[in-house]
Amino acid sequence: MNKRFLQNVRFAPANASFVNDVFHLKSKASLVHKLSESTHLFLTSSLQSSIFKLGFASDTFTVNRLINSYVKLRETHTARKLFDEMPEPNVVSWTSVISGFNDTGQPQTALSMFQQMHEDESVAPNEFTFASVFKACSALAESRIGKSIHARLEMSGRRSNTVVSSSLLDMYGKCNDVETARRVFDSMIGCGRNVVSWTSIITAYAQNARGHEAFELFRTFNSDTTTLDRPNQFMLASVISACSSLGRLQWGKVAHGVVTHGGYEVNHVVATSLLDMYAKCGSLSCAEKIFLRICRHSVISYTSMIMAKAKHGLGEAALQLFDEMVAKRIRPNYVTLLAVLHACSHSGLVTEGLGYLNSMVEKYGVVPDPRHYTCVVDMLGRFGRVDEAYALAKTIEVGGEQGALLWGALLSAGRLHGRVDIVGEASKRLIESNQQVTSAYVALSNAYAVAGGWEDSESLRLEMRRGGNVKERACSWIEIKDSVYAFHAGDLSCDESGEIVRFMKDLEKRMKERGHRGSSSMITSSSVFVDVDEEAKEEIVSLHCERLALAFGLIHLPEGSTIRIMNNLRMCRDCHEAFKLISGIVEREIVVRDVNRFHCFKDGSCTCRDFW
DNA sequence: AAAGCGTTGC
């Protein structure tokens with residue numbers, strides 16, 4: 001039959017081009033189909049030569065598929081070359097190449113392509129293009145450019161698209177403009193929000209230190225009856241991260257319940273966020289349990305666990321884990337080295353810490369940056385090597401926020417060891433660079449007061465008041481079952497009878513007797529400092545509150561319960577000592593008024609109780 | 001044919 005057909009063709013020239021077309025189109029269809037399945041550069045480039053031989057080099061649709069195949073293989077350069085040779089690129093061609101640059105970490109090039117598209121004026125961007133371009137702005141945290149493109153979007157009338165709006169709100173979130181992100185989210189009520197847009201707004205709050213609102217939105221999403229979407233791995237990782245930064249174990253457990261329910265425990269990003277959450281909420285054992293369940297470890301899971309051990313005072317175990325990671329050929333990054341230095345700093349491994357700082361380039365290929373130096377300055381300072389800390393700090397040229405952290409570390413060192421000269425130098429640098437001005441003034445004022453320069457101290461305090469510098473109030477809090485009890489620095493109104501202070505003094509005495517070091521003289525020194533300045537008192541009371549919280553937990557929790565203490569300054573480095581001590585103390589009756597009672601999540605939906 | 005969301009540091 002075929003034979004006869006071909007014979008007919010031979011004698012019917014009028015039909016020849018028709019058959020030729022059919023043959024070509026059939027070949028094209030199969031080539032394009034093969035392209036979409038190609039996962040190897042070799043296959044894609046041989047398909048390209050076949051396509052070109054058949055004469056489809058100018059066919060926009062076919063070349064778009066080709067470009068797309070190269071983009072999937074991350075061959076952005078080849079994709080761009082093909083694009084540049086196209087006689088008539090359309091919006092798909094432009095968008096494919098722009099998203100290719102996004103996917104290969106070249107958002108700047110993606111943006112310049114968009115600019116070129118704008119100047120060309122031959123093709124108008126559509127929803128797909130805008131979504132890609134906002135993603136590029138997110139990556140660059142470029143709100144200025146993002147806003148101007150947002151204006152173009154509004155003019156084009158293409159806003160009522162869930163994907164575009166999500167990318168837009170995500171961009172505002174990444175540029176730290178949460179209010180605008182929220183406005184975009186609120187405006188999406190008509191075009192339909194989905195799990196991605198909810199995740200974007202939750203992430204915007206979570207990444208901008210507004211964890212409460214992030215969690216509140218998560219709850220709203222879960223009780224929203226208008227959507228069939230359930231939380232996915234992206235949303236959960238973000239929500240869990242919010243719980244970590246809030247130090248709210250109960251909320252973290254609720255999120256863990258949702259993870260288990262949705263079967264997302266195997267996702268390594270979710271698992272890593274859970275690990276970090278348990279560690280930051282004080283449960284090292286749960287963190288470790290999660291860590292051991294992770295099958296394929298990444299640099300992030302190891303770094304999180306090293307940091308967890310470091311913050312819980314287990315410096316040697318942290319370093320051991322670091323060795324294990326290196327042995328597994330997982331390459332450490334700058335955060336890993338920060339965790340390692342923290343481990344040394346928090347466990348008094350000064351020599352080891354200096355060793356890591358000096359060998360990190362050569363051994364691990366990580367160039368130390370100001371954050372690593374700050375960590376080492378802090379470590380030297382804590383262990384009395386203040387002059388070395390100062391000498392090191394002077395060699396680092398850094399300003400802005402990083403500079404403030406560096407000189408802030410030195411300031412603490414000077415204060416801890418009563419070095420007025422160091423406090424003076426560090427304060428001067430902070431005040432000059434207009435960073436942490438309040439703490440600097442307070443510390444300086446205290447240093448003068450200690451050295452007997454009462455007049456200087458007084459004039460500084462006046463200067464502070466005139467400048468309107470107000471220090472954020474420190475607070476500690478404790479979770480007991482479903483409630484959170486908060487204690488604010490300087491506020492001992494919960495101690496009407498003075499019994500707490502007596503208890504603290506007793507506790508402190510016992511701690512000293514057992515050789516507990518650190519800021520152990522907070523109560524006795526308070527009587528010295530109380531007339532001088534608020535700062536010392538704040539720190540003192542903040543520490544009091546941790547002990548207070550301990551005492552509180554001891555009284556209200558059944559035997560064997562875990563007590564978690566958090567504060568908004570840093571993880572309590574004395575917790576381990578305090579725990580050891582408190583376990584030997586007989587229960588006492590103390591009447592404590594609830595200072596503050598946050599609204600708390602009643603955990604009814606948790607499905608993984610067996611985990612704890 | 002092309003698009004949007006997540007984890008480690010302070």
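Just so it is clear, the model here is predicted, and its values are computed rather than measured. FYI, side chains are in, hydrogens and waters are out, and symmetry mates aren't considered; it's all heavy atoms of this structure. Convention: sequence-line order gives letters A, B, ...; per-chain numbering from 1.
Among residues two or more places apart in sequence or in another chain, the side chain to side chain donor-acceptor pair (under 3.5 Å) test is passed with A/S122 by none. Under the rule for a side chain to side chain donor-acceptor pair (under 3.5 Å), A/E142 has no partner lying at least two apart in sequence or in another chain. Under the side chain to side chain donor-acceptor pair (under 3.5 Å) criterion, A/T303 pairs with A/T336, not counting sequence neighbours.
Counting any heavy atom pair closer than 4.0 Å across all strands shown, A/R371 reaches a base atom. Contact annotation for A/N102: no contact, since no heavy-atom pair falls under 4.0 Å across all strands. Residue contacts for A/N194: at a heavy-atom cut-off of 4.0 Å it reaches a base atom on one of the strands shown. Using a 4.0 Å heavy-atom distance criterion, A/V270 is classed as a base contact. Nucleic acid contact for A/T162: base, since at least one base atom lies under 4.0 Å from a heavy atom of the residue. Within 4.0 Å of A/D170, counting heavy atoms only, lie sugar-phosphate atoms of the nucleic acid but no base atom.
Among residue pairs with one or both ends in residues 160-203 of chain A, those qualifying as ring pair (Phe, Tyr, Trp, His ring centres under 6.0 Å) are A/H150-A/Y172, A/F185-A/W198, A/W198-A/F221; sequence neighbours excluded. Among pairs with a residue in residues 56-79 of chain A, those fulfilling salt bridge (charged side-chain N to carboxylate O under 4.0 Å, His left out) read A/K28-A/D59, at least two apart in sequence or across chains. Pairs passing the ring pair (Phe, Tyr, Trp, His ring centres under 6.0 Å) check and including a residue from residues 84-113 of chain A, sequence neighbours excluded, read A/F83-A/W94.
Non-hydrogen atoms lying under 4.0 Å from DNA chain B are contributed by A/N90, A/V92, A/T95, A/S96, A/S99, all within residues 86-100 of chain A.
In summary, the side chains of A/R80 and A/Y70 do not present any donor paired with an acceptor at a separation below 3.5 Å, with no hydrogens or angles considered.
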Acceptor/donor pairs from residues 132-141 of chain A side chains to any protein atom, 3.5 angstrom cut, sequence neighbours excluded:
{"from": "A/S132", "atom 1": "OG", "to": "A/F128", "atom 2": "O", "distance (Å)": "3.3"}
{"from": "A/S138", "atom 1": "OG", "to": "A/F134", "atom 2": "O", "distance (Å)": "3.0"}
{"from": "A/S138", "atom 1": "OG", "to": "A/D170", "atom 2": "OD2", "distance (Å)": "3.3"}

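Interface limits on DNA chain B: the 5'-most and 3'-most nucleotides within less than 4.0 Å of chain A heavy atoms are B/dA1 to B/dC10.
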